[in-house]
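What follows is one structure encoded as structure tokens, with my remarks underneath.
One-based numbering along the sequence shown.
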Amino acid sequence: MIKDWVSDWLLGYQKEAIDWVKGRRGAILLHPCGSGKTATSIVAVFSDRSTEKVLVVTKAATRTQWQNETKRLVTINPHILYGRKAETIDKSHQMLIIGWECIAAWYDEIAVWSGTNHLTVIFDEIHTAGHWKRHEKVNGKWGPSKHRSAVAARLGRLADKRIGLTGTLIRNTLMSAWSPCDVVMPNMFGTSKQYAFRYCAAYEVPGRGLNTKGKSNERELATKLREVCHHVSVDLVHRQMPPCRRTLAYLSIEDQCSPSFKADTTALTSSQTIFEIKLQEASSRKRKWLVQAIEEFVEAGQKVVIFTGRRKDCESIAADIQKKLKVKTYWGHGGIPTVEREQMVVEYAQREGPTVFVGTTHAFGEAIDGFQYTDVAIFVQLPWTPREIVQAEGRFTRHGRKKPVLIMYAIASNTVDEHVADSLLTKLETVSEVTADDNVLIDILSGSENEEQIIQNIMNKGLKQ
């Protein structure tokens, strides 16, 4: 079931985690953002011969990514559940993927689908399962809570095995660890109230409930957490990861938003102009996905750069990020004076901790020094010529880089993006490190064709879209 090449491809800490998970009913992989938790959990699950059915609960923005990564690693074709209107699930499906926001609507159908089979549930970003109560009052009557964290707990109790993934188990206080731990190992830490008094020095505040911001019995808690959590440090990941990694994140039609513009190309005569406008339109479909996708990186304290195409998209993306994530965000495009753009990059390079930079590839994709201090680079509008890719990626692999960088290309399905991905970007996934020789990388991208020919081929395919 696991493809032959996977074992040699896995890094040391991933193999160790897979062995550690074996035989455990519940486990949390406490691995830093970008360390390959998805691949580790997939291989861990399908290494267990008793596994019959698998459910993945993840963010809506990463459902398709989970599907593609699973198909890449194992001989399984996962099925994605969309929307909040449940339907009968075909029992022949071996693996389901669902967004956190939909699990309450689909719980009954998932229970029927799983039946008496050996079910494993993977909770991606399990810290999403915040503090919850098992019951709530609706219309004056008590019943099972429909809060997604409570539903996640019930899903966990359906399963024979549970795996949680997170880079930030304890977010603000020790109390934040109770819910994820109770989901993967029910009752191991007692009820939330018992946990609060035992480990958070809880006390009653008249009229306001429990204060759970304190700490108590910390050594005992650390011992119990080690029984549940496999921890990998950022330093270990940096030592074992290749300097540059690339991934293609495919967005299904359901994960795309409406384009922010629909250009009329009937009056245009240049095939290249028409093609580039279609790329811009595809890029504008990714705004909603993008904000959700970078949330995890920001929460992990990482620095993120987003390259897009249109100036309007650049401004809109930056505004959405600042509104939702409340993180220091720089943004710029060709309409901003050069001196100001350069100063933005200098400030970005000097900042420590979570920071976001949104820019157009035209303004920042060449001759810019300062982005080598980036943890994650996301291309929303795809560079589509070999030399453009070399220049754009070169911003993140310059002298001074001291840690790995993850380069993500967001691909909007059923758009011209797919032609760029098929012709160029899929070749890059097999290149673990950026070569210092631009001509060598261009040869890899172009294969047996010359650069002009591959550009023409991409445009010919894209113009038929």
Side-chain angles (χ1 to χ4, degrees), residues 1-58 62-80 91-98 110 113-126 152 155-167 169 180-181 183-186 188 226-233 236-237 240-242 245 247 429-430 432:
M1 188 174 293
I2 300 173
K3 295 181 179 178
D4 294 338
W5 57 269
V6 173
S7 179
D8 294 332
W9 172 78
L10 292 169
L11 297 172
Y13 65 82
Q14 291 177 299
K15 294 179 180 179
E16 178 186 287
I18 291 166
D19 288 338
W20 186 86
V21 167
K22 289 179 181 177
R24 295 177 184 269
R25 296 288 302 276
I28 293 177
L29 300 185
L30 184 54
H31 296 185
C33 189
S35 60
K37 295 189 291 292
T38 300
T40 304
S41 62
I42 291 170
V43 177
V45 166
F46 288 105
S47 295
D48 185 345
R49 294 185 178 181
S50 65
T51 299
E52 295 179 4
K53 292 195 172 181
V54 179
L55 173 69
V56 175
V57 182
T58 186
T62 57
R63 290 173 300 191
T64 306
Q65 200 168 333
W66 268 90
Q67 185 183 51
N68 290 329
E69 186 73 348
T70 301
K71 290 192 290 187
R72 191 170 75 93
L73 298 172
V74 299
T75 56
I76 294 294
N77 187 13
H79 178 72
I80 299 177
K91 291 190 176 182
S92 67
H93 291 311
Q94 187 171 351
M95 180 174 178
L96 300 179
I97 302 172
I98 190 171
I110 291 172
W113 164 78
S114 64
T116 58
N117 294 287
H118 185 110
L119 173 67
T120 299
V121 182
I122 301 175
F123 296 98
D124 188 23
E125 303 303 320
I126 196 171
L155 284 173
R157 284 159 174 76
L158 283 178
D160 296 278
K161 190 167 187 174
R162 300 157 293 271
I163 299 177
L165 312 180
T166 185
L169 179 65
C181 289
V183 168
V184 299
M185 288 297 288
M188 177 178 176
R226 280 194 289 268
E227 296 177 26
V228 180
C229 300
H230 181 274
H231 178 248
V232 172
S233 68
L236 178 60
V237 171
Q240 295 192 20
M241 278 283 187
R245 294 168 293 130
T247 184
E429 283 194 297
T430 61
S432 63

Requested in this report: Please lay out, stage by stage, how Thr247 and Glu69 fare under the test side chain to side chain contact (heavy atoms under 4.5 Å, CB included).
Outcome: CA-CA 10 Å; Thr247 184; Glu69 186 73 348; 5.7 Å; no
Requested in this report: Go through the steps for Ile18 and Thr40 under the test side chain to side chain contact (heavy atoms under 4.5 Å, CB included), then give the verdict.
Outcome: CA-CA 7 Å; Ile18 291 166; Thr40 304; 4.0 Å; yes
Requested in this report: List the atom of Met1, the atom of Phe46, and the distance in Å for their closest heavy-atom pair.
Outcome: SD-CD2, 3.1 Å
Query raised in the report: Short question: side chain of Arg24, backbone of Glu227 - any donor-acceptor pair under 3.5 Å?
Result: yes
Report task. Report the distance from atom CG of Leu55 to atom CZ of Phe123, rounding to the nearest 0.5 Å. Result -> 7.0 Å
Query raised in the report: Roughly how far apart are Lys53 NZ and Thr116 OG1, rounded to 0.5 Å?
Result: 9.0 Å
Query raised in the report: Which is it for Val183 and Val121 under the side chain to side chain contact (heavy atoms under 4.5 Å, CB included) test, yes or no, and what are the steps along the way?
Result: CA-CA 10 Å; Val183 168; Val121 182; over 6 Å; no
Query raised in the report: Would the number of heavy atoms belonging to other residues, nucleotides or ligands and lying under 6.0 Å from NZ of Lys15 be above 12?
Result: yes
Query raised in the report: Taking all non-hydrogen atoms of both residues, which atom of Pro180 and which atom of Leu169 are closest, and how far apart?
Result: CB-CD1, 3.7 Å
Report task. Return yes if some donor-acceptor pair links the side-chain N/O of Gln67 with the main-chain N/O of Ile80 below 3.5 Å, else return no. Result -> no
Requested in this report: Mind listing the closest non-hydrogen atom pair of Arg245 and Gly34 along with its distance?
Outcome: NH1-O, 2.7 Å
Query raised in the report: Atom CD1 of Ile163 and atom OG of Ser41: how far apart are they, to the nearest 0.5 Å?
Result: 6.5 Å
Query raised in the report: Is the side chain of Thr62 donor-acceptor paired with the backbone N or O of Gln65 at a distance under 3.5 Å, no angle test?
Result: no
Requested in this report: Identify the heavy atoms of Pro78 and Lys71 that sit nearest to each other, and give their distance.
Outcome: CD-CG, 3.7 Å
Requested in this report: Could you grab the distance from atom CD1 of Ile76 to atom OG1 of Thr70, nearest 0.5 Å is fine?
Outcome: 9.0 Å
Query - Validation row: Leu165, Thr58 side chains within 4.5 angstrom (heavy atoms) - result: no
**Report entry** Passing option when His31 is tested against Lys37, His230, Gln14 for side-chain hydrogen bond (donor to acceptor under 3.5 Å, both in side chains)
**Finding:** His230
Requested in this report: Heavy atoms only: give me the nearest His118-Asp160 pair and the separation to one decimal.
Outcome: CA-OD2, 3.2 Å
Requested in this report: Write down the atom of Glu52, the atom of Asn117, and the distance for their closest heavy-atom approach.
Outcome: OE1-OD1, 2.8 Å
Query raised in the report: In Å, rounded to the nearest 0.5 Å, how long is the span from OG of Ser47 to CD1 of Ile42?
Result: 11.0 Å
Query raised in the report: So Trp9 and Lys3, side chain to side chain contact (heavy atoms under 4.5 Å, CB included) or not? Walk me through it.
Result: CA-CA 11 Å; Trp9 172 78; Lys3 295 181 179 178; over 6 Å; no
Requested in this report: First locate atom NE2 of His79, then atom CE of Met95, and finally report the distance between them rounded to the nearest 0.5 Å.
Outcome: 12.5 Å
